[in-house]
Number of protein chains: 2
Amino acid sequence: MATNELAEGGAKRMAFQREHEHVSPRGLFDQVEPKGSRRFLTAAVVAFSGRGYHATTTRDIATLAGSSPAGIYTYYATKADLLYEISVIAHQYILDETIAAVAVHEDPIGRISEVVRRSVTYHAEEHVLARVVNTDFRALDVPRLAAILKMRRQISTIVRDEVARGVELGVFDVNHIEGATIAILRLLDVAPWYNERGPMSPAELAEVYVALILKMVGASHQGGDRDAAVNG
Amino acid sequence: MATNELAEGGAKRMAFQREHEHVSPRGLFDQVEPKGSRRFLTAAVVAFSGRGYHATTTRDIATLAGSSPAGIYTYYATKADLLYEISVIAHQYILDETIAAVAVHEDPIGRISEVVRRSVTYHAEEHVLARVVNTDFRALDVPRLAAILKMRRQISTIVRDEVARGVELGVFDVNHIEGATIAILRLLDVAPWYNERGPMSPAELAEVYVALILKMVGASHQGGDRDAAVNG
DNA sequence: GGGCTGCAAGCAAGCGCTTAGTAGATGGGG
DNA sequence: CCCCATCTACTAAGCGCTTGCTTGCAGCCC
């Protein structure tokens, strides 16, 4: 069986490739060059997401990518390199999204709403990827972990600053800024439980979470329709 | 070095034992019999909590417990057995706590407050243990995973019923019961980030979270002891 | 002195990764 | 237009090591 599979390697590989080509609905890996490495990167995302970094073998990844166990090492020196490249791409993306979100509006309610909307939509749409980068980053070695933690701290800082700003402007009612910030950040990651076959689309879920978090920070949902408070 | 360590096994073991004797501040493993197995159970909690189930070797656990690699197998047939016993004990405890919490009060605000208070306090005090059972339970095989998931579903159901009850009685203001339930459940697990050397005690954190979640479900903070001016 | 408890030693399997080598595309010289 | 050197992408084979777990035996407490 193994011999047959490998004999028709070309067709097999394409079939595998097609399978996890759409791992990232937003195409976060589309720019990765060379194309060969993209194959292993998306295969690694699928494997890590399903069983976790440590439980995933390099052979699992190679099989998903439709190559022999050694194929990985044409593009990546270690299994950890795969995890690191995945982590950097995903964290850079959500950091950019968060930075962009706070630039859309001037008022605190609009800003925090936009941060929540974008982040929840991302975590739901990209839940396969997000499960990897929000769980397995602890497996990285110290210098690489530091680089990822730095990006995570930047996101935390943006959210904390927005909460503080809303409080200063008298728009939010929060007793404990740090507590509220951590609560918000924790809520944004819906990836661990989100199911794309469930009742809520990412966009619907995002609106539910915008409402919940606005109430949590004591910002009243102004007006009958949700866009009234957001459009500036 | 390794030789010396093993030569003075007795004293070393007691030192190790003392180290992770207080892994569980609430003494969740105090009733485990025989005592020998308790040693390995608490050692496994420390090891799993620090590096995760798959990254922890049986030798790590044995070393922490102050025994040879084979020592574990006097009490446990497999590494997974350790994880399973840990998971059952912890889940049974927090399930009992949650059942007890909703029995304290009659009014929805009092009930949900008590659930949040007990759960957050538990997750903060027992953050080493909670980190294991809320992350690594996915590593269990299907039948054991099913047993754990059943207990987790029971907790979810209690919280969902409390949210629904509060809405029915007109005390809570929630647009989406399922969304609010998942949000609450996610907030309760503070273990991944809680640091006992941080500024907040478990009890203080619990009160912050009670306030946040009450606002999230649209229940006003009744009583004037904290901050009567929640509704600005 | 019999039953636990625990250890030293080690096994089979599986791990991440390396090596030597090749099929197939590429492209410049004759 | 063909030949062949070159290069890239890939594989078969397997190395050295670690893993979870087993075995056979020894101390020790009742």
Side-chain angles (χ1 to χ4, degrees), chain A residues 1-17 32-41 43-44 47-48 51-84 136 139-141 144, chain B residues 1-14 16-17 32-41 43-44 47-48 51-85 136 139-141 144:
Chain A
M1 199 180 85
T3 315
N4 286 343
E5 271 183 26
L6 293 172
E8 43 180 347
K12 213 76 188 179
R13 183 179 314 135
M14 286 179 67
F16 273 118
Q17 202 170 350
V32 172
E33 290 290 344
K35 281 184 185 174
S37 60
R38 205 182 305 166
R39 229 173 85 222
F40 291 100
L41 219 50
F48 292 159
R51 328 213 298 126
Y53 175 78
H54 286 294
T56 298
T57 70
T58 54
R59 285 163 180 80
D60 292 338
I61 299 167
T63 303
L64 269 175
S67 88
S68 74
I72 295 169
Y73 299 96
T74 306
Y75 301 102
Y76 294 94
T78 65
K79 187 174 102 168
D81 283 0
L82 278 161
L83 177 61
Y84 182 63
D136 288 332
L140 291 166
D141 56 30
R144 283 165 166 166
Chain B
M1 197 180 86
T3 315
N4 286 343
E5 271 183 24
L6 294 171
E8 44 180 347
K12 212 74 188 182
R13 182 178 317 139
M14 287 180 67
F16 274 119
Q17 201 169 352
V32 173
E33 290 292 344
K35 282 184 187 174
S37 61
R38 206 181 306 167
R39 228 172 86 221
F40 291 101
L41 219 49
F48 292 159
R51 330 210 299 127
Y53 175 78
H54 286 295
T56 298
T57 69
T58 54
R59 282 164 179 80
D60 292 338
I61 299 167
T63 303
L64 269 176
S67 89
S68 74
I72 295 169
Y73 299 95
T74 305
Y75 301 102
Y76 294 94
T78 66
K79 188 174 103 167
D81 282 2
L82 279 159
L83 177 61
Y84 183 64
E85 183 154 355
D136 289 331
L140 292 166
D141 55 32
R144 284 164 164 165

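Lettering follows sequence order; numbering is per chain, from 1.
- With rounding to the nearest 0.5 Å, the separation of CG in B:D141 from OH in B:Y84 is 9.0 Å.
- Smallest separation of non-hydrogen atoms from B:S67 and B:I72: OG-N, 4.4 Å.
- Between B:I61 atom CD1 and D:dT19 atom C1' there is a gap of 12 Å when expressed in whole angstrom units.
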query = When you look at B:T63 and B:D60, which way does the side-chain hydrogen bond (donor to acceptor under 3.5 Å, both in side chains) test go after all the steps?
reply = CA-CA 5 Å; B:T63 303; B:D60 292 338; 5.8 Å; no
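- The pair B:R144-B:D81 meets the salt-bridge criterion, since a charged nitrogen lies less than 4.0 angstrom from a carboxylate oxygen.
- Put simply, NE2 on A:H54 is 16 Å from P on D:dT18, counting in whole angstrom units.
- Atoms CD1 (B:I72) and P (C:dC4) sit 21 Å apart, rounded to a whole Å.
- A:G71 comes within 4.0 angstrom of a base, heavy atoms only.
- The residue A:T57 sits close only to the backbone: its heavy atoms come under 4.0 Å of sugar-phosphate atoms, none of a base.
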ask   = Just by protein heavy atoms under 4.0 Å, how would nucleotides 17-23 of chain C read 5' to 3' in B, S and -?
value = BBB----
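- As a whole-Å value, the separation of A:D81 CG from C:dG16 P is 14 Å.
- A:T56 comes within contact range of the sugar-phosphate backbone alone, with a heavy-atom separation under 4.0 Å but no base atom that close.
- At a threshold of 4.5 Å between non-hydrogen side-chain atoms, the residues B:Y76 and B:L41 count as touching.
- Rounded to an integer number of Å, the gap from CZ of A:F48 to C1' of C:dG16 is 12 Å.
- Here the side chains of B:K79 and B:Y53 are in contact, with some heavy-atom distance below 4.5 Å.
- Distance, B:L82 CG to D:dT19 P: 16 Å, rounded to whole Å.
- Between B:A62 and B:S68, the closest heavy-atom pair is CB-O, 3.3 Å.
- The distance between atom CZ of B:R38 and atom P of C:dT5, rounded to the nearest whole Å, is 13 Å.
- Between the OH atom of A:Y76 and the P atom of C:dG16 there is a distance of 17 Å, rounded to whole Å.
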